[in-house]
Engineer: 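Input: one structure, supplied below.
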There are 2 protein chains.
Amino acid sequence: MSEELSPRAQRLRDTGYKLTNARLTVLNVLESHGGHMTSTQVLDEVDKIDSEIGRASVFRALDLFTRLSIIRPTYIDSSTTPTYVMLPGGHHHHIICTNCNRVIEFEDCHLGQLETELERQLNVRLTGHLLEFYGLCDRCS
Amino acid sequence: MSEELSPRAQRLRDTGYKLTNARLTVLNVLESHGGHMTSTQVLDEVDKIDSEIGRASVFRALDLFTRLSIIRPTYIDSSTTPTYVMLPGGHHHHIICTNCNRVIEFEDCHLGQLETELERQLNVRLTGHLLEFYGLCDRCS
DNA sequence: TTTTTTAATGAGACATTGTATCATTTCGTT
DNA sequence: AACGAAATGATACAATGTCTCATTAAAAAA
Ligand SMILES: [Zn+2]
Ligand SMILES: [Zn+2]
Ligand SMILES: [Zn+2]
Ligand SMILES: [Zn+2]
């Protein structure tokens, strides 16, 4: 019985973490959604797929994936629950409208050079990044 | 009786918001601390200065300052309360160690050009940004 | 200065989100 | 199959954030 393993699942195992049902389900939910999800949304979706999976395990998976730079929590507007966003290829970028909270995604960040520079200068090993611009979108400005 | 107004307080008023005791106290706490603060830390500090100020007003101030790109909530590790960080000059940058959660600040981002480009391309008006790199710090790598 | 208007406040009950504990299960290995 | 470690799920709990509404105070107007 050979299961299909997504590259991220593969990576989980290679890093020494067990491939459990809870983790794979949360990962699956995040991957198939793609965009920004709140913890509550993830909990709901996971529950639809397998209601046996416990609340705590979902949060534990979100923690783990964050540590692995698979996802990253961020805020759209303040003081609400964070949204978790996938970091495919290790990075993600968006503009958040501070008036209507619309999120505009964009692709190119040209940060590879800065990343390399920082790694050398500070002797760190970087695995991902999140770049957020704030301001007014076309409708609000 | 002419009060000293910090540039940010000035800006608050210019934008049409009232300069209330609650807002000025929260702003003062954030400015004098400088670094990353959780909502709980802000609540505590505000309480020390003026215990009359209510919990809700502190959260309301944090919301407002976020909308104005004076501060920005961000996550050090996942699933904990966010930390609010000042965006002096409209931006802030750091590296977060995904193992020990240490935060390393750095200055240069070279994002002015990208900012201008995005403003033109997408017809938005940008007021600030936050750039976060994730990875292992020198001690952890 | 006094009045007026209206945004903002504070109290505190409430709702939501995240965490801790621990007995039990599951994964990966031997 | 048997083992040990890692992870789980249930659930009670703690922490964080929100809502309502009567009252207050800031800024503008008179
Ligand atoms: Zn995004
Ligand atoms: Zn990037
Ligand atoms: Zn570290
Ligand atoms: Zn910058």
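Lettering follows sequence order; numbering is per chain, from 1.
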Engineer: To the nearest angstrom, how far is B:Leu62 atom CG from C:dT9 atom P?
Structural biologist: 12 Å
Engineer: Check whether any side-chain nitrogen or oxygen of A:Thr81 sits under 4.0 Å from OP1 or OP2 of C:dG18, and answer yes or no.
Structural biologist: yes
Engineer: Tell me: CG of A:Asp63 to C1' of C:dT17, nearest whole Å?
Structural biologist: 13 Å
Engineer: Has the side chain of B:Arg55 got a donor or acceptor atom sitting under 3.5 Å from an opposite partner on the base of C:dG12?
Structural biologist: no
Engineer: Hey, does the side chain of A:Ser39 come within less than 4.0 Å of C:dT17's phosphate (OP1/OP2), counting only N and O?
Structural biologist: no
Engineer: Assess whether side-chain contact (heavy atoms from CB on, under 4.5 Å) is satisfied between A:Ile53 and A:Asp47, documenting all intermediate values.
Structural biologist: CA-CA 7 Å; A:Ile53 294 172; A:Asp47 190 64; over 6 Å; no
Engineer: Using the side chain to side chain contact (heavy atoms under 4.5 Å, CB included) rule, pick out the option among A:Ile71, A:Ile76, A:Val42 that qualifies with A:Thr83.
Structural biologist: A:Ile76
Engineer: When the nearest nucleotide of DNA chain D is assigned to B:Thr38 and to A:Ala22 on a heavy-atom basis, which residue is associated with the more 5' position?
Structural biologist: A:Ala22
Engineer: Nearest-Å distance, CG (B:Leu43) to C1' (C:dA11)?
Structural biologist: 14 Å
Engineer: Counting any heavy atom closer than 4.0 Å, what does A:Pro73 reach on the DNA or RNA strands: base, sugar-phosphate only, or nothing?
Structural biologist: nothing
Engineer: Please report the distance, rounded to the nearest Å, between CE in B:Met37 and P in D:dT16.
Structural biologist: 13 Å
Engineer: Output, in order, the C-alpha distance, side-chain angles, deciding distance and verdict of side-chain hydrogen bond (donor to acceptor under 3.5 Å, both in side chains) for A:His93 and A:Glu132.
Structural biologist: CA-CA 6 Å; A:His93 327 101; A:Glu132 304 189 317; over 6 Å; no
Engineer: Do other residues, nucleotides or ligands put more than 12 heavy atoms under 6.0 Å from A:Arg11 CZ?
Structural biologist: yes
Engineer: Could you state the atom-to-atom distance from CG of A:Asp44 to C1' of C:dT17 in whole Å?
Structural biologist: 13 Å
Engineer: Any chance you could list the contact pattern along nucleotides 20-28 of chain D? Use B for base contacts, S for sugar-phosphate-only contacts and - for none, protein heavy atoms under 4.0 Å, 5' to 3'.
Structural biologist: B-----BS-
Engineer: Specify the separation, in whole Å, of atom CG of B:Asp47 and atom C1' of C:dG12.
Structural biologist: 15 Å
Engineer: Atom CZ of B:Phe59 and atom C1' of C:dT16: how far apart are they, to the nearest Å?
Structural biologist: 12 Å
Engineer: Hey, does the Lys NZ or Arg CZ of B:Arg72 hover above the aromatic six-ring of A:Tyr134, less than 6.0 Å from the centre and inside 45° of the axis?
Structural biologist: yes
Engineer: Should we count CD of B:Gln113 as having more than 12 external heavy atoms under 6.0 Å?
Structural biologist: no
Engineer: Specify the separation, in whole Å, of atom CD of B:Gln41 and atom C1' of D:dA15.
Structural biologist: 14 Å
Engineer: For D:dA15, does OP1 or OP2 lie under 4.0 Å from any side-chain N or O of B:Thr40?
Structural biologist: no
Engineer: Going by atom type alone, with no hydrogens or angles, which donor-acceptor pairs under 3.5 Å involve a side-chain atom of residues 104-112 of chain B and a protein atom two or more places apart or on another chain?
Structural biologist:
from	atom 1	to	atom 2	distance (Å)
B:Glu105	OE1	B:His92	NE2	2.7
B:Glu105	OE2	B:His36	NE2	3.0

